[in-house]
Each structure stands twice: as structure tokens, then as C-alpha cells.
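Have a look at the structure below before the remarks.
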Amino acid sequence: MKPFIHFRTAGLIIPMLLISACCIQPVNAQKKSGKTSNDPLSKEKIEAAITEAYNLYKNDTEGKNADYIKELANVDPNIFGIALITADGKIYTMGDVSSMVSIQSVSKVFTMAKVIEEQGHQAIQDKIGVDATGMRFNSIVAVELQKGKEINPLVNPGAIASSSLISGQDSVAKWKNILDIQSAFAGRPLTVNWPVYVSEAGDNLRNQAIAHLLLAYNRMYFDPVQSTDLYTKQCAINVNAKDLATMAATLANGGVNPVTKMKVVSPETVMYTLPVMATAGLYDDSGIWFYNSGLPAKSGVGGGLLAVCPGKFGIAVVSPPLDAAGNSVKAQKSIRYIVEKLQVNPYLIQPK
Ligand code: GLN
């Protein structure tokens, strides 16, 4: 019987297989540890990208602090910090990442995520809506047009409705739930900026009107005055760029905080949270943002903006001057620059 491989041939093939196995192994091992020179998320590439963005935009004077909440006009407009945290917990920062600003609308993401976690994703769709309004974040017309439907939890009406839906017997219990979820995402106990809260709470008739209009359409699920107050307090929570990047990185990592390793929400909750950010995270400029970055994101009138690169990293910038839609100018420019530089737009697909 003839052997399947002649011994002399086998004598050549086996060493060749061994050599190629040796060559292939380190490449695979490198890929796993993320250290190949082509890795867009290598330490060198990330540090270069955030440094370049910082230097490019640090003297940009476009935009102006929000002033319809009086206290926000007094925040230092020169605060400018960039933080990027990878899904495996590596932290990169540039500039001022310790100055605090109020989280404002960025908080809406995490209260929405908690409601999804507690009641399931269908509840958000049925009781609030998941459609972009295409209007300003505090538009009353957006509520009136659709009789309280077809809004979303990332504009004021939907966010006040989220506060009304969060579990808790009374507003004290609901507040604890809200502060706990925001803190778990940030990986540390967050606190309220009381001057900002008092400033907005004393001049909040528009949000109160929105809450009452929702109630009139049976789309408010707790007392409207208390729900608006919960929402206002939530918006006044203090954060810095690093906190916001940790919150974004927790979403990027499927709901587990990559810094504290704590499971904050389920991967399914993240799956339903990111699309709302993609369609409505930057108010009426959400389309322009998503078209140019491909990243689900959320801004706030305090000057914070965070974006999520799913499975890869969370990024955040704090810089108070805003454009006409209410989004931080430097934050938008910096994150767009970094996404392009690192080539991490999820829709940039290399053909097979
Ligand atoms: N607290 C602010 C408000 O209700 C939040 C708005 C925002 O960040 N876009 O107007």
C-alpha cells in the first residue's frame, strides 16, 4: 500500500508547516493584544489624534455659552478638555478634564437606559416614542403636532417623561434611582451643582408647560411638577470630561463600566439606547452630526458632548461655547477630527 504522503515529501512539508505556523502565531497574538502597528487604537495613534485636535481647536472662539439658564453664562468659556476611554479601560486625556460643568441633556441618555432596563425597550417606544422631532430640544410645537407622540427621550419632553417613568414610590426614591444610574455610568458618586439647579428651577416655566401638555395627552406618568423638578436636578449634576468619557465607554463596552468593571446595564439596553442617540443626540443637528461622524452621541447645553464607538471606545469633550442648535462647537469639531484621524467611523467599511 502506498503511503498517503511520500516520506521524502513529508520531510519538506512538515518543516514548512512548522515555519509558517511560527510566523502566523505572533501576528494573531499581536492582533489580540491590540498592538499591531496598524491598530487605529494604539496608544501612539490615540495620543497623537487627541493632541492634534486639542491644538487645532484650543483657540477657536466660535460659539457662546448658553445663557437662558443664567448660571451657565458664568461658566468659564475657556474650559476645554478631551477624554477617550477604550472599551478595555485605557484612559487618554488632553487639556482640562477636571473642571466641572453641569451635565444637562447628556444625562437624558442614562435615565432613558435605566427605564429600558426596568421596563423593557417597548415601554420607551410606546410611552414616549423613538422618533427624532427635527426641532429644538425644548420645542412645545413638537409635542403639540403629534399630540404627545413621536418624540424621544433625548429632547426635553421625552426626558421629563423618562423621569416620570423611572421606578420609585415617590420623588425621593426616583431621585435616588436617577443619581445612582448616572453615577454608576460615571464610575463615581456624582453630585448636584446647586447654583445651576436653583438657577434653572426658578425659571423653568417652559419645561413645566411641556410636562403639563404631555399630561393633557396622557403621556406623563407621574406628577408633572415633580417630574420636571427631577429632570432639572438631573440636568444640574456636575461632571468633567473624564466622567463623560467613562459614561460613553460603558455604553461602548456593552453596559459594563470598563474602569470600575461594574455591570451597569445589559448589552440589550445599550443596543436600544445607541440608536436613539444616533437619530436624536444632537437635537435638530443630529443628522449633520451622524452624517459626518457615524457615531451615536449626546450633547448638553453645559458644553459636554460624548460619543460612542461601539465595542471600541467612548469619547467626550467639555467646552461651554455652543452653536445655534445648542451643541458645543469645539466638542463637535474635536471629535469629528479624531474619528477621521483614527479612521474609526463604523460605516467606513473595507471591502473583502
Ligand atoms: N436643563 C436644560 C433644559 O431643560 C437641558 C437642555 C439641554 O442640555 N439641551 O433646557
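Counting convention: from 1, in listed order, for ligands and their atoms alike.
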> Members other than Val141 in its cluster, when Ile, Leu, Val, Met, Phe, Trp, Tyr link by side-chain heavy atoms under 4.5 Å?
Replying inline: Met135, Leu145

>> Please give the remaining members of the hydrophobic cluster of Ile85, linking ILVMFWY side chains under 4.5 Å, ordered by chain and number.
In response: Ile91, Val259

>> Over 60° means perpendicular and under 30° means parallel, so tell me whether Tyr347 and Phe290 are parallel, tilted or perpendicular.
In response: perpendicular

>> Between Ser107 (side chain only) and Ile103 (backbone N and O only), is there a donor and an acceptor less than 3.5 Å apart?
In response: no

>> So if I only count non-hydrogen atoms and take anything under 4.0 Å from ligand 1, which residues does that give, chain by chain?
In response: Tyr68, Ile69, Gln104, Ser105, Phe137, Asn156, Glu200, Asn207, Tyr231, Cys235, Tyr283, Gly300, Val301

>> Restricting to side chain to side chain donor-acceptor pair (under 3.5 Å), what partner residues turn up for Asn292, sequence neighbours left out?
In response: Arg336

> How many angstroms lie between atom CG of Asn78 and atom NZ of Lys330, to the nearest 0.5 angstrom?
Replying inline: 6.5 Å

